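Here is the structure we will look at.
This structure is a prediction, so every number in the text was calculated from the model and none was measured. We use all heavy atoms of the structure for the numbers below, so side chains are in, but hydrogens, waters and symmetry mates are not.
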Amino acid sequence: MQSVDWLAIAPPVVVAAMALIVLVTDLFLPERRKPLLGALTIAGLVAALALLVPLRDGDRSTFCLDEVATGPGSAGACSYTADHFALVIQALVLGGALLTALLSLGDTRKLPVGEFWFLLLSSASGAALLPAARDLATLVVALEVASLPAFALVGIKRGDRRSSEAALKFFLSSVVATAVMLLGVSFVYAATGTLHLTEIAARLDDVPGRLDTLAQAGVVLTLVGFAFKTAAAPFHFWVPDTYIGAPLPVAAYLSVVGKAVGFSGLILVTVIAFPAYADVWGPALAVLAALTMTIGNVAALRQNAGRARSAVRLLAWSSVAQAGYLLVPIASAAYSSDAHIGSTVAYALMYAVVNLGAFAVAALVARTSPGNRITDYRGLYATRPLAALAMAFFLLCLAGLPPGIIGLFAKVTVFSAAVDAGLGWLAVVMAVNVVIALYYYLQWTATLFRAPEAASEQAPAAAREETPAEAAVPAPTRHTAPASLTAAIAFTAVTGVVLSGAPQAVLRFAAVNLF
């Protein structure tokens, strides 16, 4: 009989328990009391984040193969390990889910409230479980627990054709990715006879010759499955339509938490389970990184500022490009033992803060301009100067320009990882893509400070691809933003500024080495 380290598994368990509480509470609450569900959601996420503090020393394991032999707290063949890597990613995904909840408090008027909060918490519980998973079965289950509720969140706008189409496209692409991944996992299990990551690594070092091809196929298929989840090109096609069709807070959640889940899973299988096949996944990830950042930036560059929902579309393509940067240190880990995965984690932390902030400002603008075109941001400084300054800061961070020092610092660490690993060609591709991205980030930033557009200069609704409901919305006027939305913008902006003043703190916090 094994004992369970309940403190180690507390963060995902608390989130899952709160999801059930919200689901049951929704059955008994009258309509006017539904906002209480949002407060319960935020309380659950805050409690889960607080439970990370006692675990800050890391290296607590449970559900081990032989707890007597390995001893309590051992990092042996265990299914769940709360090490520093797991805690950092859990802090990222739970913090991202908390900010998503703040964005959603003022944006659930036309949504089924109880289902929305239940699905968000369910997805967050899977996302919090995944970075601590140390066997392939737990990894796949956690990935699907994080993904399945997200399908419903994307299509939760009932009666909205665009939302339904986005959910269907997201669902079909994810199902294919899962099927491919499960086939790869089955091949790896057939070749090694185990599902635990550390045991797989040991047995792949000495795979019988007749099983080597099977093992290589398993490694490749598993990577293809995670490439779908991380939106790496050419498996990125679901991203733009999914982000556009989903409610804005859900798009923000997918861009940060969904990406963190995919990349943490990719790191675990490559660095811990498949180091023996680094010559297979290293070049593959390097090519994927170059392809992903190039396709994402070129597509973002071609966006029409006057097209309906062009702001969200540009953020979607930007997230694809950022996925390419995140892949660089993982690919570098195959070539150099000095290439720390901390570079990817640090970049993910920076990206999470500023991208959630950009989506928060987009949600603010969408309250008065439902079309959410980039041209709708023209003159934002004249009407909402603080929001415009925050958005400009977020865009400059994503571009890697001062005063967004944290963005520049993150790109330099990723660039250094490629150079140190001898991937000079990949560093050159990254440098070219950073220059390409400057154009559309600076163009959007300049739009914020231009004089407001005269009503006579605005394009007709048909040219902007607006729906009749959007076209019927009167000219934008200033409205008071919900306190939760204002708090989300303020928190991300302040955090970005503080980290820009001490960027080395991010790298120290994200300093993980899984070798």
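- For Y253 and S104, the side-chain atoms include no donor-acceptor pair closer than 3.5 Å.
- Rounding to the nearest 0.5 angstrom, the gap separating the CG atom in L45 from the CG atom in L121 is 5.5 Å.
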Show every donor-acceptor pair shorter than 3.5 Å between a side-chain atom in residues 400-412 and any protein atom, with sequence neighbours excluded, or say none if there are none.
| from | atom 1 | to | atom 2 | distance (Å) |
| --- | --- | --- | --- | --- |
| K411 | NZ | Y347 | OH | 3.0 |
| K411 | NZ | L398 | O | 2.7 |

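- Judged by distance alone, the side chain of S310 and the main-chain N or O of G306 form no donor-acceptor pair under 3.5 Å.
- For R33, there are no salt bridge (Lys or Arg N to Asp or Glu O under 4.0 Å) partners at least two apart in sequence or on another chain.
- Under the 3.5 Å distance criterion, the side-chain polar atoms of D241 are left unmatched by any main-chain donor or acceptor of W238.
- Side-chain atoms of R56 come within 3.5 Å of backbone atoms of V53 as a donor-acceptor pair (strictly under, hydrogens ignored).
- Checked against L36 for a side chain to side chain contact (heavy atoms under 4.5 Å, CB included), the options L29, D26, V22 give a single hit: L29.
- In this structure, G262 and F226 approach most closely via the heavy-atom pair O-CD2, 3.7 Å.
- Residues forming a salt bridge (Lys or Arg N to Asp or Glu O under 4.0 Å) with K229 (at least two apart in sequence, or on another chain): E144.
- A donor-acceptor contact shorter than 3.5 Å links the side chain of S122 to the backbone of F118.
- Using the six-membered ring where Trp is involved, Y381 and F449 have ring planes that are tilted, between 30° and 60° apart.
- In plain terms, the two heavy atoms of A10 and L51 that are nearest each other are CB-CD1, 3.7 Å.
- Going from atom CG of L87 over to atom NE2 of H84 covers 7.5 Å, rounded to the nearest 0.5 Å.
- Expressed to the nearest 0.5 Å, how far CG of L266 lies from CD1 of I330 amounts to 4.5 Å.
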Open item on the list: Test side chain to side chain donor-acceptor pair (under 3.5 Å) on Y440 and S318; report intermediate values, then the result.
Closed with: CA-CA 10 Å; Y440 61 82; S318 168; 4.6 Å; no

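- We find the CG-OG1 distance between L248 and T100 to be 11.0 Å, quoted to the nearest 0.5 Å.
- Counting heavy atoms from C-beta on, the side chains of F228 and F237 come closer than 4.5 Å.
- Rounding to the nearest 0.5 angstrom, the gap separating the CZ atom in F85 from the CG atom in L268 is 4.5 Å.
- Partner of E165 under the salt bridge (charged side-chain N to carboxylate O under 4.0 Å, His left out) criterion, out of R162, R161, K169: R161 alone.
- Put simply, the side chain of K259 never gets that close to the backbone of V320: no donor and acceptor are under 3.5 Å apart.
- Results of the side chain to side chain contact (heavy atoms under 4.5 Å, CB included) test with P11 over L55, V93, L49 single out L55 as the only residue that passes.
- Rounding to the nearest 0.5 Å places CD1 of I89 at 11.0 Å from CG of L94.
- Side-chain atoms of N355 do not come within 3.5 Å of backbone N or O of Y351 as any donor-acceptor pair.
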Task: Derivation and outcome, side chain to side chain contact (heavy atoms under 4.5 Å, CB included), residues L143 and V261 - done: CA-CA 7 Å; L143 189 61; V261 166; 3.4 Å; yes

